[in-house]
Enquirer: 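Could you have a look at this structure, given as structure tokens, before my questions?
The figures that follow rest on heavy atoms only: side chains count, while hydrogens, waters and symmetry mates do not.
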Amino acid sequence: MYGEIMKSTNGFDVLYCIAKGGQGSVYKPACLISYVQLFSSPNIAFASSLEAEALLKWKASFQNQTKNNLTSWASYPKVNTIPCNVWTGISCNTAASVNRINLTNSGIQGTLYEFPFLSLPNLEFIDLSLNQLFGAIPSQISSLSKLIYFDLSYNQLSGRIPPEIGLLNNLQALHLNTNQLNGSIPQEIGNLKSLVELCIDDNHLSGPIPSSLGDLTNLTLLYLFENNLSGTIPKEIGNLKSIVELELSQNQFNGSIPTSLGDLSNLEILFLRDNQLSGSIPQEIENLAKLTVLELDTNNFSGYLPQNICQGGSLQNFTVNNNHFIGTIPKGLQNCKSLVRVRLEGNQLTGNISEDFGAYPNLHFIDLSHNNLHGEISQLWGQCPQLATLRIAGNKLTGSIPPEISNATQIHVLDLSSNSLVGVIPKDFGRLTSLVNLMLNGNQLWGPIPSEFGSLTDIEYLDLSTNKFNESIPGILGNLLKLNYLNLRNNKFNQEIPFQLGKLVHLSQLDLSHNSLGGKIPSEMSSMQSLEKLNLSYNNLTGLIPTTFDEMHGLYDIDISYNQLQGPIPNNKAFQNALMEGNNGLCGNVGGLKPCNHSVEHKHTSRKAFLIIFPILGTLLLAFLSFVLIGRRRSRRKKEQEIEQSNMHKSFFSISNFDGRKMYGEIMEATNGFDVIHCIGKGGQGSVYKAKLPSSSIVAVKKFHRTPDGEEASRKEFFNEIRALTQIRHRNIVKFLGFCSSSHHSFLVYEYLEKGNLATILSNEHEAKKLDWSTRVRIVKGVAHALCYMHHDCAPPIVHRDITSSNILLHCDYEPCVSDFGTAKLLNPDSSNWTALAGTYGYVAPELAYTMKVTEKCDVYSFGVLALEVIMGKQLGDFVSSFSFPSTTYANIFLKDVLDQSLPPPTPQLQDELITIARLSIACRHSHPQSRPTMHMVSQALSFPTASSNKRSNDITLEQLIMI
């Protein structure tokens with residue numbers, strides 16, 4: 001209203017004045033019916049002017065005057081300067097006094113030393129998060145006695161938390177997380193009796209938790225994780241009867257868990273992992289009926305696990321790995337149908353595993369490895385339809401592998417290694433077509449490798465070592481083209497090495513040692529250009545080592561010892577340090593080998609060389625003459641292509657399913673040397689071309705640009721994408737076929753998706769209408785499942801960093817695939833920051849602009865934007881900035897106004913799913929990363945959408961759906 005009045009009266013221009021009196025003047029606004037009397041109270045005008053002056057003084061202290069978002073703040077002095085609802089981020093009460101400052105993510109670079117604490121006595125709300133504030137928090141903060149909300153998170157503040165903050169008696173939310181604050185937590189915070197949220201995580205705080213925090217009985221959220229806090233967890237924490245989330249992980253707490261935590265009847269999430277806690281888990285923890293997440297891993301706990309830990313039936317995540325627990329697995333887990341993720345590995349648990357677990361409809365990940373469990377593998381694992389990871393390695397399991405396990409067709413990782421399993425591999429394993437990692441090593445399995453393994457076309461890691469497998473190594477393994485690790489060591493394989501293994505162009509490690517393999521080393525193995533480690537020792541191999549091994553420049557670790565090989569070793573650097581003892585017939589200029597007899601070698605080979613060289617010379621001469629004649633007719637461009645193809649031996653090239661050099665030529669011909677007429681898309685990193693090959697198959701080729709920063713930067717992006725793509729296999733991630741890196745071109749080869757990218761379709765009104773509600777729901781789900789896989793099933797996790805509608809490709813049936821991994825980040829524990837901001841404007845999480853800290857929550861934010869874009873049917877633009885959580889505007893926004901108006905209303909079932917998508921989208925775009933859900937939570941929620949209680953979407957507001 002204030003802004004409308006100011007605009008309609010042109011700042012109380014005399015033209016709009018209709019009366020004057022002793023107290024003030026009366027104006028008639030141009031667009032309003034009612035009359036407005038401007039009181040010339042000197043107290044109000046003077047107070048407002050002082051507040052404006054104080055704020056401008058603070059602004060003047062900023063180091064980046066031209067780069068912040070405060071251009072609307074008027075310069076001082078100016079008569080009757082009133083900042084209310086006119087200046088960015090400033091709101092006032094009815095007395096025209098500033099009561100709210102919301103400058104989150106405003107590009108402010110400066111300190112709080114000039115902040116007008118004493119000049120703004122009516123402040124109730126301050127949000128300065130996601131800026132570049134540095135320096136200390138001044139003690140004058142205590143003067144803001146009316147303050148309710150105070151957020152300084154995601155800045156660079158240092159120093160101690162001032163104890164004067166304890167004087168803010170009305171404070172309900174205090175967010176100081178993700179700064180460089182140090183020192184201890186002041187006990188005065190315990191005076192904040194109204195406090196509901198306390199977030200001081202991700203700082204450098206030290207010392208103990210003050211017992212006074214137990215006085216915060218209204219607290220629902222307490223985040224102290226990722227600090228250097230020490231000492232014991234005070235028993236007074238048990239007084240926080242309203243607490244819902246308690247996160248104390250990644251500190252140095254010691255001692256035991258206080259039994260008083262069992263009194264926290266509203267607690268849903270408890271994180272105590274990565275500390276130095278010890279002792280047993282108090283039985284009182286069983287009283288936490290609402291508990292959904294309990295993470296106690298990586299401590300020094302001992303004793304028994306609570307038997308009724310899932311008493312409330314809500315437990316989803318239960319992780320107690322890497323402790324010293326003994327005894328049996330809790331019986332309460334057997335019927336805990338809510339379980340999603342379970343980690344018990346790295347303890348000393350005992351008991352019969354076949355009796356401790358049941359069928360779980362939601363279970364996605366379970367690891368029971370490295371305990372003392374015995375018994376046989378239960379058939380019930382096959383009744384877990386969502387199971388993606390099953391690990392039971394390093395136990396005392398016996399019996400055979402049940403064929404029923406193959407009913408869990410979503411399994412990506414299966415690790416049964418280091419047990420005492422017997423029998424053969426069930427032929428039903430051929431149904432596990434989603435398998436990426438299979439570890440059966442260290443058992444007593446026998447028989448042949450079943451031919452059904454040929455169906456495992458997505459497998460990348462296969463370890464069958466240290467068993468009793470016999471017969472020959474099946475050539476069908478050569479069809480597992482995505483393999484990068486193959487270990488068949490220490491078995492009873494005989495006959496020859498199958499030449500088909502040469503097709504495994506992505507294989508980096510191959511171990512066939514300690515078998516009974518005979519015959520020659522197949523020359524086809526030299527095609528394995530990605531091979532780095534090769535172990536063929538302790539076999540019965542004979543004959544010469546193929547000279548084509550000279551070209552295997554990636555090899556660095558070779559062991560061919562204890563065979564019957566003979567002749568010269570290859571002219572390859574790796575063979576200079578190779579283990580070769582036990583082969584009396586080998587020769588060469590390497591220590592421990594006799595020199596080769598060149599005269600004998602020359603006599604033996606001279607006739608053969610003559611017979612070979614003579615026709616080659618004749619052929620070369622004819623080829624030369626032909627080249628001269630043809631060269632006169634060819635364009636300069638064609639010559640360059642010929643030169644490049646002649647230099648292919650200097651390139652690093654690999655394409656699955658195809659002969660690499662042949663495919664290179666076909667791609668060059670199909671795109672006419674990457675002619676612009678074959679270009680179907682351009683981006684910051686490169687251009688995408690459509691190539692129709694002679695086999696009638698169509699592929700998409702992404703050719704990387706040569707960047708101004710030089711070749712190194714370009715190759716870095718190129719290999720980033722390769723590194724990410726070779727580690728991931730998922731139906732909703734674009735299929736990677738191969739790559740080329742040469743002196744002239746660097747490109748990637750993908751499957752071609754007929755419908756193109758989602759952004760193009762949404763921008764075309766005719767095409768967008770083909771995306772009905774069920775299709776749009778399927779697109780959102782597919783992207784969520786792909787990101788869940790990347791974040792939670794890859795080791796290390798992968799963050800895409802550029803999730804946009806332009807990077808979502810669609811099959812002919814509109815099944816989505818995530819693409820473009822040039823900015824992908826592998827989250828190694830020792831590397832979390834990037835030196836440059838990556839991503840697309842509008843989709844980038846706000847914290848990345850300043851903290852540069854890459855986490856999975858960055859993708860979560862981008863997914864939230866994308867999901868909104870899909871259900872709204874358009875790019876969000878500036879609207880998205882106001883469509884974030886938390887917000888105060890949702891009460892007036894109806895879901896019907898958000899959904900794409902070009903489509904007919906959804907059915908009741910689809911309405912429920914759209915409500916879930918809208919709710920998750922808002923949560924994913926929360927301004928605080930720690931408050932966003934994980935992609936696993938999102939994926940689960942989309943798989944089981946919440947019913948809307950028959951409430952029509954026309955009637956539901958965004959505020960209401962958030963509360964669902």
Enquirer: Give a yes or no answer on whether the side chain of Ser939 reaches the backbone of Met935 with a donor-acceptor pair at less than 3.5 Å.
Expert: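 Pair absent, no side-chain N/O of Ser939 close to backbone of Met935.
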Enquirer: Are there more than 12 heavy atoms of other residues, nucleotides or ligands under 6.0 Å from atom CD of Gln276?
Expert: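 Counting neighbours around CD of Gln276, more than 12 heavy atoms of other residues, nucleotides or ligands fall under 6.0 Å, so yes.
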Enquirer: Between Asp356 and Lys331, is the closest basic N to carboxylate O distance under 4.0 Å?
Expert: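 Counted as a salt bridge, because a side-chain N and a carboxylate O are separated by less than 4.0 Å.
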Enquirer: Closer than 3.5 angstrom, by distance alone: can the side chain of Asn275 be matched with the main-chain N or O of Phe253 as a donor-acceptor pair?
Expert: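 Checked: pair present.
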Enquirer: How about Tyr149 and Gln172: does a side-chain donor come under 3.5 Å of a side-chain acceptor?
Expert: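 Looking only at side-chain atoms, Gln172 and Tyr149 do not form any donor-acceptor pair under 3.5 Å.
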Enquirer: If you take the centroid of each ring, where Trp contributes its six-membered ring, are Phe863 and Tyr861 closer together than 6.0 Å?
Expert: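 No, ring centres 6.0 Å or more apart.
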Enquirer: Please confirm whether the backbone N or O of Ser927 pairs with a side-chain atom of Ser931, one donor and one acceptor, at under 3.5 Å?
Expert: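 Checking the backbone N and O of Ser927 against the side chain of Ser931, no donor-acceptor pair under 3.5 Å is found.
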Enquirer: Regarding Lys781 and Glu913, does a basic nitrogen lie under 4.0 Å from an acidic carboxylate oxygen?
Expert: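 Salt bridge present between Lys781 and Glu913.
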Enquirer: Using only heavy-atom distances, determine whether the side chains of Ser249 and Asp274 contain a donor-acceptor pair under 3.5 Å.
Expert: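 No, no side-chain donor-acceptor contact under 3.5 Å.
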Enquirer: Hey, is the main chain of Leu373 close enough, under 3.5 Å, to the side chain of Asn395 for a donor-acceptor pair?
Expert: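 At least one qualifying donor-acceptor pair exists.
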Enquirer: Assess whether a salt bridge exists between Lys290 and Glu268, defined as any Lys/Arg side-chain N lying under 4.0 Å from an Asp/Glu carboxylate O.
Expert: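 Not counted as a salt bridge, because no side-chain N and carboxylate O are separated by less than 4.0 Å.
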Enquirer: Between Asn419 and Ile392, is there a donor-acceptor pair closer than 3.5 Å when you use the side chain of the first and the backbone of the second?
Expert: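 Side chain of Asn419 to backbone of Ile392: a pair is present.
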Enquirer: Indicate, with yes or no, if the rings of His791 and His936 have centres closer together than 6.0 Å.
Expert: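 No; His936 has its ring centre 6.0 Å or more from that of His791.
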